[in-house]
Amino acid sequence: MQVTLPDGATLELADGASALVAARAIGPKLAEQAVLARVDGEVRDLRLALPDGARLELLTTRDRDDPDALAVLRHSAAHLLAEAVRRLYPGVKVAIGPPIANGFYYDFAFPEPIREEDLAAIEAEVVRELSEGRAWERVDVDRGEARARFEGEGETYKVELVDTAEGDISLYTQGDFTDLCRGPHLQDSSPIGAFKLTGLAGAYWRGDERKAQLTRIYGTAFFTKKDLDAHLERLELARANDHRRLGTQLDLFHFDERSPGSPFWHPKGMAIFNALDDLRRRENARRGYSEVKTPLIYDKALWVTSGHWEKFRENMFQIPVDDGQVFAIKPMNCPGHMVMFGSQLHSYRDLPVRYAEAAPLHRNELAGTLHGLTRVRYVTQDDAHIFCTREQIDDELDGCLEFLRFLYAIFDIEPRAELSTRPDDKLGSDAEWDFTEEKLIEALARHEIEYFVGVGEGSFYGPKIDLHATDSLGRSWQLGTIQLDAQMPARFDLTYMGPDNREHPIFVVHRAFFGSLERFIGILIEHYGGAFPVWLAPVQVRALPVADVHREAAGDLLGALGLGGVRADVDDRDETLGKRIREAELQKIPYVVVWGDRETRDAMAVRRRGGQGVESMSMDSLVEEIAEQSPLS
RNA sequence: GCCGGAGUAGCUCAGCUGGUCAGAGCACUGCUCUUGUAAAGCAGGGGUCAAGGGUUCGAAUCCCUUCUCCGGCUCCA
């Protein structure tokens with residue numbers, strides 16, 4: 001048989017030859033350094049037979065930055081961890097241990113709980129294994145054999161995995177540890193140049209909170225120590241961009257244990273919030289949305305109608321009132337908008353109706369899930385509900401996707417799109433969901449948006465197009481969402497009068513593009529590292545009088561800048577100019593104007609953020625330059 | 001909610017094998033200096049060591065409970 005190499009050359013091999021055999025045929029050094037084969041673009045264990053005519057690419061220890069090569073390295077490192085844990089903790093059961101972004105984990109059921117301080121000993125044991133060296137052996141076995149083996153070892157989780165595994169069963173053995181595993185794996189442990197355990201956490205078996213909670217040990221591995229050090233350094237730098245840290249440093253917001261999960265927006269943070277809200281309001285107005293305001297608390301009866309009482313009650317703050325009546329604070333705007341729409345009769349001529357409202361919402365999120373601004377209990381969505389006919393759905397979805405692209409381009413954020421389909425606890429029939437899901441799929445196709453499918457991730461009332469972005473620590477957060485809903489309008493008996501003088505069902509598009517302003521600002525803080533573009537910067541210009549005698553002039557300057565629509569402040573503290581400039585830089589203020597004897601309105605000394613020098617600029621041109629940089633102008 | 005870790009001044013942190021352990025830097029206040037592009041000098045105020053309970057002659061330090069935060073899991077904008 002024949003395989004093709006990346007340079008186009010072909011290689012003759014005996015039938016059934018593995019990638020390793022191919023590597024040896026090319027050169028012993030290559031065979032020694034090989035960690036992984038890519039066959040027709042797919043990763044494949046070196047030991048597996050190659051198909052005739054395959055395009056073969058061999059990854060070696062030199063591909064130390066290749067994600068696939070790193071994944072194999074880390075997957076093998078996870079097996080070393082399991083081997084060490086089994087030796088150190090007799091009676092432990094192993095579950096699963098995959099590679100993940102930046103590392104790997106392995107889940108265990110320990111006979112006794114372990115603590116973080118135990119990790120050092122475990123890591124030392126793995127390091128010992130590495131110094132001894134380990135080689136992986138792969139065998140393909142039949143299901144019964146694998147099952148018997150793990151049953152004999154008391155590895156009940158592995159037994160369950162064997163029972164539910166699809167396709168052939170393969171085992172990898174290194175040292176005295178054999179694991180059920182598809183692979184691929186390294187030939188031996190020599191490429192693992194650095195190994196580190198990074199954390200300990202609980203994790204439910206198969207991600208199901210009703211199942212046993214296992215102990216997950218996180219770690220990472222690299223081809224070289226240098227790569228590990230670089231990784232740790234990157235993490236350190238990322239921490240500097242953490243919005244919780246910057247929120248304090250830049251005086252944007254804070255949290256208080258007397259209202260967990262709800263930010264206190266300081267004046268500077270509120271300036272950012274308001275800039276986004278201004279953008280929201282103006283763009284909505286341009287696109288035919290109407291601003292409305294609906295109540296914050298509602299009788300439980302409303303939530304029963306909407307379905308929230310059944311599906312979302314745990315996440316709602318409830319307020320007992322007189323006579324056993326219960327009210328609840330709204331976690332979403334939609335039911336209120338349903339009531340508003342239903343308060344009047346609507347002709348087909350009126351549609352679509354687009355209600356926008358950025359009201360405060362409260363969700364009683366589980367305590368353990370709160371996270372700075374990205375997971376809060378007080379949520380402000382740039383929310384809107386579009387009430388339309390069946391025929392208008394496509395146009396409205398198109399409008400949403402265009403709107404969304406317009407907004408994200410402003411921030412230079414490229415989110416990943418997800419199509420979230422019907423969940424297990426959905427309202428409505430499969431036929432209805434077939435229709436609404438198809439509408440979203442078609443809209444994504446029209447806009448040539450690539451997406452992944454989140455099976456069962458939809459809302460209980462409808463499928464969604466969700467947008468995800470990543471924070472400074474690599475965590476993914478959902479931002480915007482577009483949801484198509486046939487359920488809630490039906491539950492509220494919403495209809496419109498058609499040209500045939502008969503009532504027709506209403507469809508609703510729920511949409512929020514920032515998602516929650518809180519979360520979006522959290523992501524923005526990290527995206528910009530606190531150095532906001534001028535239009536978002538809480539303080540756009542800081543005036544620094546050189547000496548006491550210049551205070552009044554600096555104050556006048558502030559007034560003039562304010563009239564020009566610029567957010568400006570003055571630092572006239574009794575500190576040296578150098579110190580005040582340093583602080584303005586640390587506060588990441590875009591423009592600093594120093595005002596002394598030499599300055600006039602026509603020739604101000606302006607220093608730009610991060611710049612070294614000073615330039616002379618008139619006040620008018622500064623005001624103009626700032627205005628030009630705003631999407632609001 | 002679950003697993004693990006932590007909570008000391010406004011911020012960042014030291015002290016935590018129980019006994020001058022209540023500290024440092026920044027910030028803040030006062031005074032001196034009157035300042036020209038990334039940290040002037042001196043002095044001073046400030047903490048029920050998260051809260052409550054316990055062990056002890058003695059607790060920031062050890063134990064228990066609660067709250068909050070951090071890293072994950074589940075959930076989610």
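Chain A is the first sequence line, chain B the second, and so forth, proteins listed ahead of strands; every chain is numbered from 1. Only a predicted model underlies this, so the values are computations on that prediction, with no experimental measurement involved. Atoms considered below: every heavy atom in the structure, side chains included; atoms not considered: hydrogens, waters and symmetry mates.
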Quick check: A:Tyr106 with A:Phe104 (ring centres under 6.0 Å apart)?
no
Check whether any side-chain heavy atom of A:Gln249 lies under 4.5 Å from a side-chain heavy atom of A:Lys588, and answer yes or no.
no
Do the side chain of A:Tyr204 and the base of B:G1 come within less than 3.5 angstrom through a donor-acceptor pair of N or O atoms?
yes
Once hydrogens and angles are ignored, does a donor-acceptor distance under 3.5 Å link the base of B:A38 to the side chain of A:Arg607?
yes
Would you say the side chain of A:Glu365 and the base of B:A77 hold a donor-acceptor pair, judged only by whether the two atoms sit under 3.5 Å apart?
yes
Taking only N and O in the side chain of A:Arg115, is any of them less than 4.0 Å away from OP1 or OP2 of B:G5?
yes
Does B:A40 have OP1 or OP2 sitting under 4.0 Å from an N or O in the side chain of A:Thr576?
yes
NA contact type, A:Arg475, heavy-atom cut-off 4.0 Å: base, sugar-phosphate, or nothing?
sugar-phosphate
For the aromatic rings, using the six-membered ring if either is Trp, is the centroid distance between A:His254 and A:Phe264 under 6.0 Å?
yes
Taking the side chain of A:Leu577 as heavy atoms from C-beta outward, which of B:A39, B:U37, B:A77 is closest to it?
B:U37
Tell me whether the side-chain N or O atoms of A:Arg519 pair up with the base of B:C76 as donor and acceptor below 3.5 Å, since no angle test is needed here.
yes
Side-chain donor or acceptor of A:Glu599 under 3.5 Å from a matching atom on the base of B:G36?
yes
Pair of N/O donor and acceptor under 3.5 Å linking B:C33 base with A:Asp574 side chain:
yes
With no angle test and no hydrogens, is the base of B:C76 tied to the side chain of A:Arg377 by a donor-acceptor pair under 3.5 Å?
no
Looking only at side-chain N and O atoms, does A:Lys464 come under 4.0 Å of OP1 or OP2 in B:A77?
yes
Does B:A27 have its OP1 or OP2 closer than 4.0 Å to a side-chain nitrogen or oxygen of A:Lys579?
yes
Examine B:C76: is either OP1 or OP2 under 4.0 Å from a nitrogen or oxygen in the side chain of A:Arg363? Give yes or no.
no
Within the 3.5 Å criterion, strictly below it, is a donor on A:Ser476 or A:Arg416 matched to an acceptor on the partner's side chain?
yes
